[in-house]
Amino acid sequence: MTSALDVVRTTDAEAATWWRQAVVYQIYPRSFADSNGDGLGDLPGITTRVPHLAALGVDAVWLSPFYPSALADGGYDVDDYRDVDPRIGTLEQFDDLVAALHAHGIRVVVDIVPNHSSNRHRWFTDALAAGPGSPERARYVFRRGQGPDGELPPTDWTAMFGGPAWEPVGDGDWYLHLFAPEQPDWNWDHPEVREDFHTTLRFWSDRGVDGFRIDVAHALAKDLSEPLPSQADLRAPDVLDGMHRFEDRDEVHEIYRGWRAVFDEYDPPRTAVAEAWVPAHRRARYASPEGLGQAFNFDLLLADPDAAQFRRTIEDNLALAHESGASSTWVLSNHDVVRHATRYALPAGTDLPAWLMSGGTDPAPDLERGRRLARAATALVLALPGSTYLYQGEELGLPEVAELDAADLQDPTWQRSQGTEKGRDGCRVPLPWTAHGASLGFGDGPAHLPQPAWFAEYAVSRQEEDPTSTLALYRRALAARRRLQTGEQLEWADDVPAGVVRFRRPGGWTSMTNFGPAAVPLPAGRVVLSSGTHTDDELATLTQLPGETTVWLETTTA
């Protein structure tokens with residue numbers, strides 16, 4: 001099956017494996033670009049910014065959820081998996097966006113949220129209306145409460161966003177929600193649930209979607225046989241691999257084998273990447289060719305900007321990728337974490353939730369150092385074999401917005417933690433496209449999350465005029481990567497100074513990162529990229545690698 005919209009290099013012999021060394025740009029649609037001035041980003045807004053994505057040089061765009069939603073969790077509470085939120089656009093406007101991206105050779109990946117729906121999903125409202133013991137309730141995880149009238153929750157489990165993991169419905173039944181109460185968990189033992197998701201995968205594939213990012217991929221399969229354990233027993237240290245009641249159970253891979261059969265109905269096959277927060281040695285099964293094909297590696301996202309940590313993490317994950325037959329994935333920022341330009345600006349070991357609660361003042365970030373290290377780390381990961389996932393705004397070097405007022409916060413973590421954790425809104429503030437305007441070019445009116453005045457310094461319009469800007473660096477790096485990238489191997493150089501990571505790639509080029517503060521000698525070669533602010537003339541005569549900088553060198557004719 002091939003969609004009329006699927007016009008991206010389908011005759012290329014590499015079409016089926018385009019994802020193995022792709023640069024994928026994540027868009028959080030509500031915060032990317034607003035076409036109608038209502039303060040919320042939308043699909044037509046993204047379409048108007050396709051030239052920015054093409055100039056950046058990305059291979060694919062990953063769209064975070066754009067489905068109908070009450071936004072109890074930023075769109076990850078889905079009312080209808082096969083439609084577009086009317087505040088964001090229409091299915092026809094989705095088709096227009098796919099066509100615009102494909103016309104520039106950019107593939108499209110969409111988010112699928114299979115662990116839970118929203119509490120407004122038609123099947124869930126049917127379940128509430130049908131009552132205890134009904135077939136409608138069997139599609140979700142309902143249990144009778146404890147006590148004479150079911151007035152107490154079935155267990156003491158807590159949800160990821162805080163508070164109880166069970167919600168009463170007023171008739172003695174309670175439903176499970178591993179996240180917010182507005183996100184009831186599906187029962188993946190139910191054949192109708194499985195088949196409906198197959199229908200959803202085909203629906204978007206038929207509209208030209210090239211791949212899927214799978215949210216909370218590790219949590220679908222659950223063992224809810226009685227008796228249910230306590231919260232303490234869930235986290236007992238002696239729980240064996242694959243035997244947790246609802247995390248990373250072996251049965252989840254049967255579900256994904258069914259998905260793989262759907263993906264393989266298409267030419268080229270549709271791709272998928274798992275968000276699976278599992279121990280590293282368990283990740284390969286999600287990335288297997290019989291399953292989703294690729295899984296996120298978040299280890300660099302959790303690492304300090306340190307040479308030893310980066311090298312060890314890279315070695316471990318390349319080995320895991322080899323084991324699974326997939327390619328590795330490299331991520332420094334996304335919609336759930338403090339932006340890496342800010343993380344690197346803070347002392348190692350900083351308590352990030354506490355720092356956010358201080359409004360970003362305790363400790364004070366060294367933003368210039370954060371900028372240098374973020375640029376260096378990005379250049380390093382773009383030189384690695386595998387896929388690199390970029391998060392919107394990192395090409396501008398955007399720091400985290402930590403000073404959001406309580407009244408502006410939208411993340412359910414804020415409410416569910418009773419005001420003790422700010423949550424993730426600081427990395428979701430809408431992008432600054434221009435240095436002026438009600439929302440700095442995001443739209444004609446104010447943005448749904450307020451932008452700080454200092455965002456203007458990072459505006460696309462300003463950076464396009466500065467050849468040393470972070471935007472200019474990303475464009476140069478992605479263009480050089482496209483030219484240089486060949487086989488999925490690297491060879492470590494061990495004769496390097498302390499604090500340096502250096503490796504060679506097939507085709508005669510080398511990446512070298514100096515995480516330390518002092519300059520170190522450069523090996524022979526032509527510098528084709530520097531994460532620093534060097535001019536072309538300076539690069540031609542560069543013999544020392546400055547601290548907190550990455551360079552790429554061509555050492556032989558590629």
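Other residues, nucleotides and ligands contribute only 12 or fewer heavy atoms inside 6.0 Å of the CD atom of Gln418.
At a threshold of 4.5 Å between non-hydrogen side-chain atoms, the residues Ser327 and Ser387 count as touching. Between Val460 and Leu396, some side-chain heavy-atom pair lies under the 4.5 Å cut-off. Side-chain contact between Thr271 and Gln294 is absent, with no heavy atoms from C-beta onward closer than 4.5 Å. Between Asp59 and Ile106 there is no side-chain heavy-atom pair separated by less than 4.5 Å. Side chains of Tyr28 and Leu63 form no contact here, defined as non-hydrogen atoms less than 4.5 Å apart. Proximity of Phe94 to Ile88: side-chain heavy atoms (C-beta onward) are nowhere separated by under 4.5 Å. Residues Phe32 and Ser64 fail the side-chain proximity criterion, which asks for heavy atoms closer than 4.5 Å. Using a 4.5 Å heavy-atom cutoff, the side chains of His52 and Glu395 are in contact.
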(request) Just do the side-chain contact (heavy atoms from CB on, under 4.5 Å) check on Arg343 and Leu301 with the steps written out, would you? (result) CA-CA 10 Å; Arg343 297 199 313 272; Leu301 184 151; 4.3 Å; yes
(message) Quick one, Phe203 with Leu91, criterion side-chain contact (heavy atoms from CB on, under 4.5 Å). Give me CA distance, side-chain angles, the key distance, then yes/no.
(response) CA-CA 11 Å; Phe203 178 87; Leu91 284 170; 4.1 Å; yes
(request) Please lay out, stage by stage, how Thr470 and Gln463 fare under the test side-chain contact (heavy atoms from CB on, under 4.5 Å). (result) CA-CA 7 Å; Thr470 299; Gln463 296 204 31; 3.9 Å; yes
(message) What verdict does the side-chain contact (heavy atoms from CB on, under 4.5 Å) test give for Leu478 and Arg483, after you've listed the backbone C-alpha separation in whole Å, the side-chain angles of each residue and the deciding distance to 0.1 Å?
(response) CA-CA 9 Å; Leu478 267 62; Arg483 179 174 67 86; over 6 Å; no
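Residues Leu431 and Arg339 share a closest heavy-atom pair of CD2-NH2, 4.4 Å.
One finds no salt bridge joining Asp42 and Arg30 here, because no Lys/Arg side-chain nitrogen approaches an Asp/Glu carboxylate oxygen to under 4.0 Å. Taking 4.0 Å as the cut-off between side-chain N and carboxylate O, Asp210 and Arg270 do not count as a salt-bridged pair. Between Arg428 and Asp336 there is a salt bridge, with a side-chain nitrogen of the basic residue lying less than 4.0 Å from a carboxylate oxygen of the acidic one. One finds no salt bridge joining Arg375 and Glu394 here, because no Lys/Arg side-chain nitrogen approaches an Asp/Glu carboxylate oxygen to under 4.0 Å.
Results of the salt bridge (Lys or Arg N to Asp or Glu O under 4.0 Å) test with Arg120 over Asp126, Asp79, Asp85 single out Asp79 as the only residue that passes.
Residues forming a salt bridge (Lys or Arg N to Asp or Glu O under 4.0 Å) with Glu275 (at least two apart in sequence, or on another chain): Arg213. Annotation: salt bridge (Lys or Arg N to Asp or Glu O under 4.0 Å) contacts of Asp425 (sequence neighbours excluded): none. The salt bridge (Lys or Arg N to Asp or Glu O under 4.0 Å) search around Arg82 returns Asp196, not counting sequence neighbours. Applying the side chain to side chain donor-acceptor pair (under 3.5 Å) rule to Arg369 yields the partners Glu548; only residues at least two apart in sequence or on another chain are considered.
In this structure, Trp204 contributes its side chain and Tyr81 its backbone to a donor-acceptor pair below 3.5 Å. No donor-acceptor pair under 3.5 Å is formed between the side chain of Ser118 and the backbone N or O of Ser69.
Applying the side-chain hydrogen bond (donor to acceptor under 3.5 Å, both in side chains) definition to pairs two or more places apart or across chains, those involving residues 449-460 are Glu403-Trp454. Sorted by first then second residue, the salt bridge (Lys or Arg N to Asp or Glu O under 4.0 Å) pairs that include residues 63-78, not counting sequence neighbours, are Asp73-Arg424.
Relative ring orientation between Phe296 and Tyr389 is described as perpendicular, the plane-to-plane angle rising above 60° on a 0-90° scale split at 30° and 60°. Relative orientation of the Trp259 and Phe197 rings is parallel, given thresholds of 30° and 60° on the angle between their planes. Between Phe442 and His448, the ring planes lie tilted relative to each other; the angle falls in the 30° to 60° range.
A donor and an acceptor atom, one from each side chain of Ser117 and Tyr140, are located under 3.5 Å apart.
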